[in-house]
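Working notes, structure below.
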Amino acid sequence: GEEVPLRVAFPAGATRLTVLVPDSGLEADLPGADAGEPVERDGQRYRIYEARDLPPGWRLDGVIHIPQTRRDIAALREPRADLWVEFDDTALVVSEEHHLRVEGSSRLVGTPEAPLLRYELPEGARFLGLSQGAGALGIGAAPDGGLEVLGPLPPGASTFGFRYRLPVDGAAGARLARRFPLEVGVLNLLVADSGVVLDDVRLHRRRPFRSGTRHYLHREGFRIEPTETVTVGFSHLERSAFGGRTSLAIVLAAAAAGAFFLAAPLGWTSRDGALARSEPPAALQSRERESIVESLRDLEHDFETGKVAEADYQGMRSELRSRALELMREEREARRAGANASTTEPDTQLGSAKHDRAGGEQSSKGVVARCPECQGTVRDSWTYCAQCGATLPAEGGAADA
């Protein structure tokens, strides 16, 4: 590194002396001045040194230590870049965040004539500003547009950001084309989902996520080369493409299809078309209800992100809720019927079994008599009472119902 002397005379003295040293790897040795808490001004972080009540003739005789620097672009990497996008009818606003890394133990420094990096803005973009702390890395607007990185960039990781605005061409939407000066290990495109349709072939679709009260679409690309242009188209989802009733039919059909595919793996048909194995109706109703509840969640998300108009949303929500409540009532009734059947069906089977063992043949007629012993209902073809086990009279001899 280098040492730069800092010598200042105060012939008349001073009540207070403050020295601000950029917090970018510089070290200061200032006898008579005490170090204070770091401060930040205009996006630049400084270490502060102060001296008070300086007598006439006092001299500051210090040294600024400049660490070793180099200009070795090969030591510079960009592991990740994040592009946060907001799109509406008037503009496309992009906030770029770049994560740089310097390999080795010394800083990288460029010059105005030969900057370390240069980030071009898209054609037609209007620059909106830099993130805080970008000035400490020597990042600023270039005379002919774009951004230049002069440094010093310290060893290890550094992050900076900037924003710009692109115009929107009416119904055609907007197009974002980006190139980067270094290979980008991972490029994340994060778009506020307000009913946006993305058109791109380079980036991979990732699961949307929620941050605060907003939902974001996520696209991801790997190893974006410096010679490569990543282009993404932005347009609005056409809300008028389907009428309200058509949209409702689509949602209900999706819910029904979901219930069908949930149940389908649990049953199959024989060659003659008869169902050889299937779930009980109550289980199918439960699955359909769960599918409708999931459709309600999707409908809420689509309404929040502007993909469904309020009038359509209210109608679809009402229909889905009504169907879900109807299924819940049917499930309750099925459970009650099942509980009642559990008290009579085993008796019926017992009576039939006793009759079968006696060599009889089960009748298809209904209940027509009562047991002479317990007065329980019996079928005319039973030999024994299913409730008390008493031997029943021959057909026609049971007590009349």
Side-chain angles (χ1 to χ4, degrees), residues 78 80-99 119-132 134 141 145-147 159-181 184 186-222 224 228-244 247 250-251 297-313 316:
E78 183 160 1
R80 192 180 102 218
D82 302 330
L83 275 59
W84 297 82
V85 180
E86 296 183 17
F87 174 60
D88 59 28
D89 294 332
T90 60
L92 183 79
V93 178
V94 183
S95 300
E96 296 196 9
E97 190 174 90
H98 295 272
H99 300 258
Y119 288 83
E120 301 289 352
L121 295 181
E123 183 178 357
R126 180 164 65 89
F127 181 67
L128 298 179
L130 288 166
S131 62
Q132 289 189 351
L147 296 172
T159 302
F160 75 96
F162 56 90
R163 301 184 73 208
Y164 53 87
R165 178 188 180 106
L166 285 166
V168 172
D169 183 15
R175 208 154 191 81
L176 175 65
R178 294 302 289 130
R179 295 183 68 173
F180 307 102
V184 177
V186 179
L187 174 64
N188 290 301
L189 179 71
L190 308 148
V191 183
D193 188 2
S194 56
V196 183
V197 178
L198 301 181
D199 176 20
D200 68 89
V201 296
R202 177 62 171 87
L203 305 180
H204 307 285
R205 184 189 300 268
R206 289 293 179 261
R207 187 180 183 87
F209 66 94
R210 182 168 184 157
S211 178
T213 60
R214 309 194 70 176
H215 291 83
Y216 287 87
L217 304 177
H218 185 191
R219 299 292 187 271
E220 187 177 56
F222 301 97
I224 310 298
E228 183 178 0
T229 300
V230 177
T231 303
V232 182
F234 298 81
S235 58
H236 291 290
L237 184 68
E238 291 292 341
R239 298 179 187 174
S240 60
F242 303 102
S247 300
I250 291 173
V251 172
R297 293 194 190 101
D298 293 339
L299 178 63
E300 293 289 346
H301 171 260
D302 289 345
F303 177 63
E304 289 177 5
T305 56
K307 295 179 181 178
V308 177
E310 183 172 2
D312 295 342
Y313 161 74
M316 286 187 277

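The distance between the ring centers of F127 and Y164 does not fall below 6.0 angstrom. Taking the ring centroids of Y119 and F160, they lie under the 6.0 Å cut-off.
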Step by step, work out the salt bridge (charged side-chain N to carboxylate O under 4.0 Å, His left out) result for R207 and E220. CA-CA 10 Å; R207 187 180 183 87; E220 187 177 56; over 6 Å; no
Kindly indicate, with the supporting measurements, whether the criterion side-chain contact (heavy atoms from CB on, under 4.5 Å) is fulfilled by T231 and L176. CA-CA 6 Å; T231 303; L176 175 65; over 6 Å; no
Candidate pair D193 and H218, rule side-chain contact (heavy atoms from CB on, under 4.5 Å), full reasoning: CA-CA 10 Å; D193 188 2; H218 185 191; over 6 Å; no
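Note that the OG1 atom of T159 and the CG atom of D82 stand 9.0 Å from one another [nearest 0.5 Å]. Taking CG of L203 as the start and CG of L198 as the end, the distance is 9.0 Å to the nearest 0.5 Å.
Of the N and O atoms on the side chains of R80 and H99, at least one donor lies less than 3.5 Å from an acceptor on the other residue.
In this structure, W84 and E96 have side chains that are not in contact, with every pair of non-hydrogen atoms separated by 4.5 Å or more. Put simply, the side chain of R163 reaches to within 4.5 Å of the side chain of S95, judged on heavy atoms. Taking 4.5 Å as the limit, every side-chain heavy atom of F222 sits out of range of all side-chain heavy atoms of V184. Between R178 and P122, some side-chain heavy-atom pair lies under the 4.5 Å cut-off. Contact of the F162 side chain with the H98 side chain is registered, since non-hydrogen atoms from C-beta on lie closer than 4.5 Å. Between V85 and L190, every side-chain heavy-atom pair lies at or beyond the 4.5 Å cut-off. The closest side-chain heavy-atom distance from S211 to Y216 is below 4.5 Å.
In this structure, D89 contributes its side chain and A91 its backbone to no donor-acceptor pair below 3.5 Å.
Between L166 and G124, the closest heavy-atom pair is CD2-C, 3.9 Å. Smallest separation of non-hydrogen atoms from A177 and T229: CB-CG2, 4.0 Å.
Residue pairs satisfying the salt bridge (charged side-chain N to carboxylate O under 4.0 Å, His left out) criterion with at least one member in residues 195-204, sequence neighbours excluded, are listed as follows: R175-D199, D200-R219, R202-E228.
L83 pairs with exactly one of V191, N188, L189 by the side chain to side chain contact (heavy atoms under 4.5 Å, CB included) rule, that one being L189.
Applying the side-chain contact (heavy atoms from CB on, under 4.5 Å) rule to V168 yields the partners F87, A174; only residues at least two apart in sequence or on another chain are considered.
Salt bridge present: E86 and R214 bring a charged side-chain N and a carboxylate O closer than 4.0 Å.
For CZ of R205, the number of neighbouring non-hydrogen atoms (other residues, nucleotides, ligands) closer than 6.0 Å is 12 at most.
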